[in-house]
Amino acid sequence: MKKYNHQKIEKKWQKAWDKFGIYNADDTSKKPKWYSLVEFPYPSGSGLHVGHIRSNTAMDIVSRKRRMQGHNVLYPMGWDAFGLPTENYAIKTGISPQAATKKNTDTFRKQLRAMGFSFDWSREIDTTDPKYYKWTQWMFLQFYKHGLAYKAKAEINWCPKDKIGLANEEVENGKCERCGGAVEKRLKEQWMLKMTAYAEKLLGGLKDLDFIPEVRTQQENWIGKSEGAEIEFPVVGSKGKIKVFTTRIDTIFSGTFLVIAPEHPRLAKALEDQDSFLKNKNEVKAYIESVRNKSELERSAEGKEKTGVELKGLRVINPATQEEMPVWTSEFVIAHYGTGIVFADAHDSRDFAFAKKYNIPLKVSIQPTEGLDFEKIKNLEECYEGEGILCNSEQFNGMTSAKARPKIIAWLAEKGLATPKTSYKLRDWVFSRQRYWGEPIPLIHCDNCAKKPKILLIHGLSGSNQENWFPWFKRTLEARGYDVITPNLPNAQHFILNDWLTVLEHSGIEAGDRLSVVGHSLGGPTACQFIRTYKLKVENLVLVAPTGKSQGPEQWKNLSAKGVSQEHLLVIQEFNDQNKDLAKVAKLTKKTTIYLSDNDPYIPVEVQGDYKTLKPTVKLLSNKGHFNATAGITEFPEILAEFPVVADAGWIPVPEKNLPVKLPKVEKYQPTDTGESPLSKVEKWVNVKCPNCKGPAKRETDTMPNWAGSSWYYLAYLMSKKAFNGPVSTENWKLEIENLRNWLPVDWYNGGMEHATRHLLYARFWNQFFHDIGEVPMSEPFKKRTAHGIILGNDGTKMSKSVGNVVNPDELIKEFGADALRLYEMFIGPFDQTVTWDPRGILGTSRFLEKVWRFAQRRFYENPDQDIPGAWDNMSRIVHKAIKKVSSDIERMSFNTAVSSLMTAVNEMTLTGGSTIKYEDWKSFLKILAPFAPFIAEELWEEMGNKESIHVTPWPEFDPKLLVEETFKLVIQVNGRVRATAEASQGISEADAQALALAHTDIKKWITSEVKKVIFVPNRLINLIF
RNA sequence: GCCGAGGUGGCGGAAUGGCAGACGCACAGCACUCAAAAUGCUGCGAUCUCACGGUCAUGAGGGUUCGACUCCCUCCCUCGGCACCA
């Protein structure tokens, strides 16, 4: 009889499984796919801990079961390796984050392998690998190119003592984690992702997802949708209006003052303004200053009295009551929610307290429906915040709050003073970090390109800037951010080239401008001549129906008929050789496009061929004539394609072919005391050529947040090796979409509750965006989301290095084996609940495995024959009961009871039948044990002579017939209390059961009268009522 | 303050409205042993009783029900999240 040597067995099977790659997912399989996902760990220096193992084991069990159920299973693993601890370690020790990460991931990988998780290691990823983050950078650029990434001033946590910006994780209760000093808010230009644009989608998408309710509600609360109205308060003595958001428009008649957030930009503007209405500027300024100097903690402290000052000189009118109201500023109003201004009344406790403090008049307009003392509310002794019946509200009196709200909105909307409006708590994602250890943001800032681009529009013969599509053109492109110059050229009827050039020369164009030129008709060749004469650099030259020498004599006759003198015609002809000029001009311009129409009276189709042989792009539009008003052209939308919206001027994306922007080596990892990333000190890296104008430019030195790489890692697992090894490009991404389509969505994603809001929302946002731009096939990435409870240390507190209560799995694996540890992790308590690590607990599961081992040895060494004649049917029942329970328990994440039923089965087997178990039954038992304890199951399976791995054999089905026992224990109750039990046969009738019960010796003494009533639950109990 | 989860032996915990405490840890007794470890068996909520058996027990108090850990109401406590969101 062999002894159970877990060390030997585990090493043996780790090697064998690797060798045969039995856990590698197959991209081309015809089997149904199954994608299990656990949050990939941050590879910290302290190694894997028992908390990681809990989630990994659970999903490993699910994955193994699915594999045995015939699915093509993908269960991948990787490293979320960018992050502060590694960076702080680098600051302290000087060891590069790259080197530390390598070491840490090696440790983690080794530990995870030792646990026997069925990961597909061929798909391992690392967010800090340039091969990975080149795609993260590409993705950021997609956000940027679609207008969802923008730079704006946002608050960062600033530690004035350490002189560095802090991540949210580094702030504890408003204090710096490092030095314990108070943290300030500072404004800094930061990259933001416009997540608010997806608020509604993120909320709506939740509806069809199988997320546990806790996660779902946390996401809903985080998005924080509330529906209400925006009301306008006219300013007294001015045309201005102040907009206010409210969800309680039913209280509008009690609104007696407005309150504006101290940080509100409109307030700042009013203070700067020389002739502003404000009469107490200094007082307001001082107040805003005092608020800014308060820490977040002081400001929001519960029960803290709110402070504020009145904005003297500013009064508004309540649109419902027509009464004048004062306007105040106070710290309790949040600048970024709603409009940053609220109307205040007696039905909000904060407003109420504030008004009392500063003696602002109050009015009551809501009467509680029951219970409360309305007298006190009416006398303004108490604040009533709830809903109720409206009073003091004119025609709305007597209505309930709910009824009145839409009516009041409609009433005010009619006067143009209110619109229904939805607000969200969700804010845009601050995407910049002023740190080293993150993905560089792949943008380059170019001062030259930051200049407002100019467009020079040159009209043609007999034309003016008031004609054709020119006014429309100017208006539209100005709205797109361009400076459009449309000079009126002299003697339009009698063209003199030099006169025209002189006017153009003085039209406001300067050397170094970002210039585009649009020329219409004769303006086309004039443009070419102008560019050539002054050697102008032009970004985009657009010629609309340009006239030229190539035209035939007939056309020249036409011009002549229009009054152009022969002399001038010769001049035109002379410079007007498109073939010659354009060839030269093209050298000075980046891009040239010619628009032609098939029915242009001046440029007939016969001569258009000449243009088409030229280098510029020719766009042929049908039926546009000469592109002038005579042809009915007053708007020319096609041309807009040439001039895209000017966004975030000066930020030029790094071209795809230059990705990744790799992190350079730095001397010091310490953030700078100006609040910038240490990257800003690497001049060689920072200073680059502008990809756009080739002039001097600087790289963005902010890096991406930790959340970036983890927002798409579930997609990365699906991508081919080629995608990571090859160049990054939109075309290459598209090649991967098929793989995404095969595997998405993730069927089951388990992770911690701490990621229920941020990570999970970021990833969903990311995915929805890429779905919208056609780069990801599904809108929602995760079909099912569950969460595990955390494991507390022995002492009931969170495991942490400093407390010293972290449990190291290495020693446990060595002493008890990975199988015992896996079982204990599952057995320790309900999977979704917080549990406390009990160092003795693993003894139980370890003993259980020893017991399984001994049972197997007895059965197959003492009785080596394939099957034992007369083996107990009871044994089959025990096994099939366990198959049923284990199968369903895994699906409902009740892993602790699954383990317990495995234990029960073994206990019952040893008790009932010794080792007389059928061969098939024992196989089935090993199979249901296999997902939990894969090593021992595999070993015992092999010992039975099986050649194929147990982990790829079919999952056993239970036979319901075997589960039915002939007799059962009938519970006998008298007046609802259990008084006895009796053995009864299955399917016993109510009458027989009653007879059995009444005859029972223990029941007789409870019989006091005739049976009044009988409750009979078949095959379970009978309850006699006397 | 709001939202969510939870409260059951000495401990971790189990229980489609139907025998509360499965399974495990700890503890005690017995067997094996010269002895110990390991293993196996037995016991293990409180209380009354020599005993058969009874009574009380699932945070507290009420309710619904033949019957409640489970459903409803009120309250207390613990944990997690959000936190001046108008």
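In what follows, every chain begins at residue 1, and chains take the letters A, B, ... in the order their sequences are listed.
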Starting at [atom1] of [X] and ending at [atom2] of [N], how long is that distance when rounded to a whole Å?
X	N	atom1	atom2	value
A:Arg847	B:A38	CZ	C1'	10 Å
A:Ile790	B:G80	CD1	C1'	8 Å
A:Leu902	B:G24	CG	P	12 Å
A:Ile334	B:A86	CD1	C1'	9 Å
A:Glu908	B:C23	CD	C1'	11 Å
A:Glu825	B:C25	CD	P	17 Å
A:Glu385	B:C2	CD	C1'	12 Å
A:Arg977	B:G53	CZ	P	16 Å

- Can the ring centroids of A:Tyr824 and A:Trp837 be said to lie less than 6.0 angstrom from one another? yes
Closest-nucleotide mapping onto RNA chain B: is A:Tyr337 or A:Lys1013 further toward the 5' terminus? I mean the 5' end.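 The residue closer to the strand's 5' end, by nearest nucleotide, is A:Lys1013.
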Nearest-nucleotide check on RNA chain B, A:Thr845 vs A:Arg248; residue mapping nearer the 5' end is A:Thr845
Base, sugar-phosphate or nothing for [X]? Non-hydrogen atoms, less than 4.0 Å.
X	value
A:Asp348	nothing
A:Trp1006	sugar-phosphate
A:Arg350	base
A:Arg216	nothing
A:Met903	sugar-phosphate

Across all strands shown, which nucleotide pairs with [N] by Watson-Crick or G-U wobble geometry, both distances under 3.5 Å?
N	result
B:A60	B:U74
B:G9	none
B:A20	none

May I ask you to verify if any side-chain N or O of A:Arg979 is less than 4.0 angstrom from the OP1 or OP2 atom of B:U55? yes
Can a side chain N or O of A:Ser226 be found less than 4.0 Å away from OP1 or OP2 on B:A86? yes
Whether each nucleotide of nucleotides 40-46 of chain B has a protein heavy atom under 4.0 Å at its base (B), only at its sugar-phosphate (S) or at neither (-) is summarised, 5' to 3', as S------
Readout for nucleotides 4-21 of chain B: B = base within 4.0 Å of protein heavy atom, S = sugar-phosphate only, - = neither; 5' to 3' it is S-S-----BSSSB-BBS-
**Prompt:** Under 3.5 Å, is there a donor-acceptor pair linking the side chains of A:Lys851 and A:Asn907?
**Reply:**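 Short answer, yes.
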Electrostatic pair A:Lys421-A:Glu227, nearest N-O below 4.0 angstrom =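 Salt bridge flag = no for A:Glu227 with A:Lys421.
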- request: Please determine if A:Glu220 and A:Lys225 form a salt bridge, counting it only when a charged side-chain N lies under 4.0 Å from a carboxylate O.
  value: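 Salt bridge absent between A:Glu220 and A:Lys225.
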Decide, for B:G10, between syn and anti: a glycosidic angle within 90° of 0 counts as syn, anything else as anti.
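The base of B:G10 is oriented anti (glycosidic angle more than 90° from 0).
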Checklist entry - Any idea which of B:C56, B:G81, B:C25 is nearest the A:Leu843 side chain? => result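 Given the options B:C56, B:G81, B:C25, the side chain of A:Leu843 is closest to B:C25.
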- Message: Within the supplied structure, the quantity of interest is the number of heavy atoms (other residues, nucleotides, ligands) at a distance under 6.0 Å from A:Lys356 NZ; does it exceed 12?
- Response: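 Enclosed: over 12 neighbouring heavy atoms sit under 6.0 Å from NZ of A:Lys356.
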ask   = With sequence neighbours excluded, what pairs up with A:Asp832 under the salt bridge (charged side-chain N to carboxylate O under 4.0 Å, His left out) test?
value =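 Per chain and number, A:Asp832 pairs via salt bridge (charged side-chain N to carboxylate O under 4.0 Å, His left out) with no residue.
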